[in-house]
Amino acid sequence: MDTKQLAVQVADLTVAYQEKPVLWDVDLDVPQGVLMAIVGPNGAGKTTMLKAILGLLTPAAGHVSIFGKPYQQQRGLVGYVPQRGSVDWDFPTSVLDVVMMGNYGKLGWLRRPGAADRKAALSALEKVGMADYADRQISQLSGGQQQRTFLARALMQDAQVYFMDEPFQGVDATTERAIVDLLKELRAQGKTVLAVHHDLQTVPEYFDWVLLLNVRRIASGPVNEVFTDENLRSAYGGRVGFLNKRQDHESA
Amino acid sequence: MSGAQIEIQLIGIVVAAACALPGVFLVLRGMAMMSDAISHTVLLGIVLGFLATGDLESPWLLFGAAAMGLLTVSLTELLNRTRLVKHDAAIGLVFPALFSIAVILISRFARGVHLDTDAVLLGELAFAPFDRLMLFGSLLPRSLVVMGAIALVNLVFIAAFYKELKLATFDAGLAAALGFSPALIHYGLMGLVSITAVGAFDAVGSILVVAFMVAPAAAAYLLTDKLERMLLYSVGLGAAGAVGGYWMAHLMDANIAGSMATMIGVLFLLCLLFAPQRGLLAVAARQRRQRWEFAQAMLAIHLLHHEGTPEAEVENRLDHLQDHLRWEPAFAHNVVQRADERGLVRLENGSLHLTEAGRGLATTMLADKR
Amino acid sequence: MGAGWASSTSGKIMNLLDLLHSLVFDHTVRTVALGTATLGIVSGVLGSFAVLRKQSLLGDALSHAALPGVAIAYMLTQSKSPIVLMLGAGAAGILAILLLINITRQTRLKEDSVLGIVLSVFFGFGLLLLTFLQRNPDARQAGLNTFLFGQAATLLTRDVMAMAIFGGLAVLLVIVFWKEFKLLSFDREFGASLGLPMPRIDILLTTLLVVAVVIGLQAVGVVLMSAMLVAPGAAARQWTNHLGRMTLLSALFGAIAGVSGALLSSLGTGLSTGPVIVLCISVIVLISLILAPNRGLLWNYLRQWRNRGRLRTEAVLENFYLMSSQHDDPSHPHAVTALEAVSGAGNVRRSLEELQRRGLATPHSGNTWSLTAEGVRAAQARLQPALKDQP
């Protein structure tokens, strides 16, 4: 495969905390324009994987490239949606302000966000159905609205590749729908999304590409090829209650 | 050694012991800074007690001080519960306010009395042997008697509620489920901290009480995982710091309490560096050792992953390791050499192959990932 | 309060006028007030960030940790000039922070334990050095009083100048790096993902916090410096949900406390400035916690009370309708006691009066009430979804 078409390429990524391996020698090729779910049991290293790709932790070995170049040179092409619970939502700021933070990297030192940034932030909020909440204080948001605010901030980054850490965690049905629509729209624009995801049931519905992870890479590729019972079993070990349910569902 | 010298050291040891006992629980429960807050606000209790009784020797002063310590704790918690400010800010708001009231009351109503704020903040151990009181037919230093009694109270409380304290510290939820009241234990402990702070500030001042409470316990926490031992070690470390500090002050002709706090700090630093398991040096040495082990395992796993795949020719080349694993050439060379010596890999014309042993290591490492 | 205080109202007014007079014309008072106002502004600005970053107790540790720096600076230079001592205090503060961060990161000790150790051991070491330098082991004669409680009354014009220059620089840097500091405080990791050097931004902001502490030491002293970093920010947070406004308000609160503390202690009551400033800012905090709109305790209480009332009124309306619908005539009057029995505890009569005001219910003789046609419709509308679910 031509390297140019790979949005994300991870080679031999190994991450250890206190010399305890969290990720072992993970290789991963993600073609441009796919929606990829990263799934695996708790402690499988899913969040660690995202953070290592984004350079938020230093890996023990391995390297990451975005569209064929080292990550550090391609930051402008990357958007990030951290876990919703990672910040203090009582911080004195408004939704619009949080969304504009997406542009801080491109603004450079000493520059303040201006009218153009404001407009871009408002249109990002519109895309996630939050335009009416622009001036709302962030502590007054529901979980789903918090998540959509973070998504709008990532849209503000105007990236080619988006990394999302559990975007569906604890959101209401409306928000879930809105996020799915947004993901599909991003794919239609040729963007690539990698999202840590917990709900195995919805993987085939929401995503077209999947990485099964449990400290090492179990499998990765198109959902219909890779999301097999055998691979799931080897990722999740004995905990395969879901698989039986799924088989029932399919036979029904 | 003169009698006064021995007495000062004895007082130092008793203060250290009395402080270290509740200190262990403060450190474990993440409430070390409460000791700082309490040791300041007890001053207000003393002032109010003095204004009420007009007598600096009255036992009501001790009572007022302990009550003020508990009031500090509950005010902090009350403020925290309003969710208007965070926990750390709540502490930082309550104690300076109460302390300021105390300072103002002293300067307005207790001028000229022997109740001066510097003495409370700094204490003066050198004078302790001169303040004596009659007990059991002999004239003993007041500080020694008071702190001895407080140390005993702390010991009795901790011994009597050992099980409950342990449970409430490590699993508050379970303690509540078993019918212990974590709140009762919590306030009991805070009461001890308050009494101890009042008793100790005479000798070492309210700022250095914090050193006696927190530093030995924190050092002991780096030495052991067992609560019993932690209590024992922290008393020992505190006492050693007190005696060592005394002699350092003696040699330098400097302040005794400051010197004791410094010595306790030095002991903490020694534990921080040299503790057998958790000391920084031990950790660094372990990491250095593990680094090679880890790198060899990484190499084996890397080779295993690409074994029999079309790209194996490229992936398994020695010079590729620098590229893909991001290893320095010298480091990669060293790892391969070590792995070769252990019989994990074979090197054939610049291409690496796993041996049976290497394959075994890789598979066990992957299986045993948790 | 005490006898030294003005004893009558007219005396108080005279005092107030005197105070204002001395603020304008008395050089000493003006200098002190300018100094404490500067301190209030600088610590208000930096304290806002400290409070938001949950570093409220860092100022406490930093101010105590400054003592050995002061002692060593004096030892090396034999100078007591404020600039030299401030530099020494600042250096010790930065060392303390480095230790704090590294010990917390590399061991299993919790941050508050390390804070306590750094605070007390540094202070103890400073005390040792200071008494050693003066060849007098009695800490009480070591001239520490200034360090402990500050000596705002002795501030000279050049001290205030030094405070204003350092403080002004610190505030200027906060303005320059505003958006970076905001990002650091809200979502550090996201900032790092943007490629911003978050560790360096953190070091800069923390260094500015050290500057604020060092400036304040001379005016309010070690013990009360921590309050100046926590209280203005905590009070300002209650009034606004906007970081910029919060920081401005925090600076304003700090300045008000500084000036009023300086004036009150200049009354000749023998009060030292530090504690009075802290009491002033504490009063501001208390007022803010109780009265601030939206967040304040009083506001919260009223909101809960109103909500409870509204819910009760709606419950009474629904119960009333359900009782009435058992009759053929939905507007059949019912006794208040019957409604009370159904609706449980709470003031049913007040809810009925509320319903009457909205034209949904009318009172009849003999302590009975009935729903109006409007009331029946309202209750039906409320109960519609629930009724539809029933088979």
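Chain identifiers are assigned alphabetically (A, B, ...) following the order of the sequence lines, protein sequences preceding nucleic acid strands; residue numbering begins at 1 within each chain. Because the structure is a prediction, the values reported are computed rather than measured.
Comparing C/M246, C/R237, C/H242, C/E189 by heavy-atom pairs within less than 4.5 Å of chain A, the highest count is held by C/R237. Between chain C and the options A/L107, A/V98, A/D90, A/I138, heavy-atom pairs under 4.5 Å are most frequent for A/D90.
C/R295 contributes atom CZ, which lies 7.0 Å from atom OG of A/S139 (distance to the nearest 0.5 angstrom). For the atom pair A/Q137 CD and C/N294 CG, the distance stands at 10.0 Å (nearest 0.5 Å).
Heavy-atom neighbours of chain A within the stretch residues 164-179 of chain C, taken at a separation under 4.5 angstrom, comprise C/I175, C/V176, C/F177, C/W178, C/K179. Contacts with chain A (heavy atom to heavy atom, under 4.5 Å) involve no residue of residues 37-46 of chain C.
The environment of CH2 in A/W109 is crowded: more than 12 heavy-atom neighbours from other residues, nucleotides or ligands sit within 6.0 Å. Remark: A/R111 CZ is loosely packed, at most 12 non-hydrogen atoms of other residues, nucleotides or ligands lying under 6.0 Å away. No more than 12 heavy atoms of other residues, nucleotides or ligands shown are found within 6.0 angstrom of CZ on C/R200. Within 6.0 Å of the CZ atom in C/R108, the count of heavy atoms belonging to other residues, nucleotides or ligands exceeds 12.
In this structure, chain C has no heavy atom under 4.5 Å from any part of A/V81. No part of A/K106 comes within reach of chain C, as not one of its non-hydrogen atoms sits under 4.5 angstrom from that chain. Contacts between A/Y71 and chain C at a heavy-atom distance below 4.5 Å involve the side chain alone, from C-beta outward.
A/F150 places a side-chain heavy atom less than 4.5 Å from the side chain of C/D187. C/L243 has its side chain within reach of A/F91: a pair of non-hydrogen atoms, C-beta onward, lies under 4.5 Å apart. The shortest distance between side-chain heavy atoms of A/L56 and C/S193 falls below 4.5 Å. Proximity of C/N241 to A/S94: side-chain heavy atoms (C-beta onward) are nowhere separated by under 4.5 Å. Contact annotation: the side chain of A/Q157 approaches that of C/L194 to within less than 4.5 Å [non-hydrogen atoms, C-beta and beyond].
Salt-bridge check for C/R53 with A/D88: failed, with every basic side-chain N at 4.0 Å or more from each acidic carboxylate O.
Aromatic ring pairs are classed by plane angle as parallel below 30°, tilted from 30° to 60° and perpendicular above 60°; the pair A/W89 and C/F186 is perpendicular.
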Please assess C/K182 against A/D97 for the test side chain to side chain contact (heavy atoms under 4.5 Å, CB included), listing each intermediate value before the final yes or no.
CA-CA 10 Å; C/K182 177 158 68 176; A/D97 217 30; 2.6 Å; yes
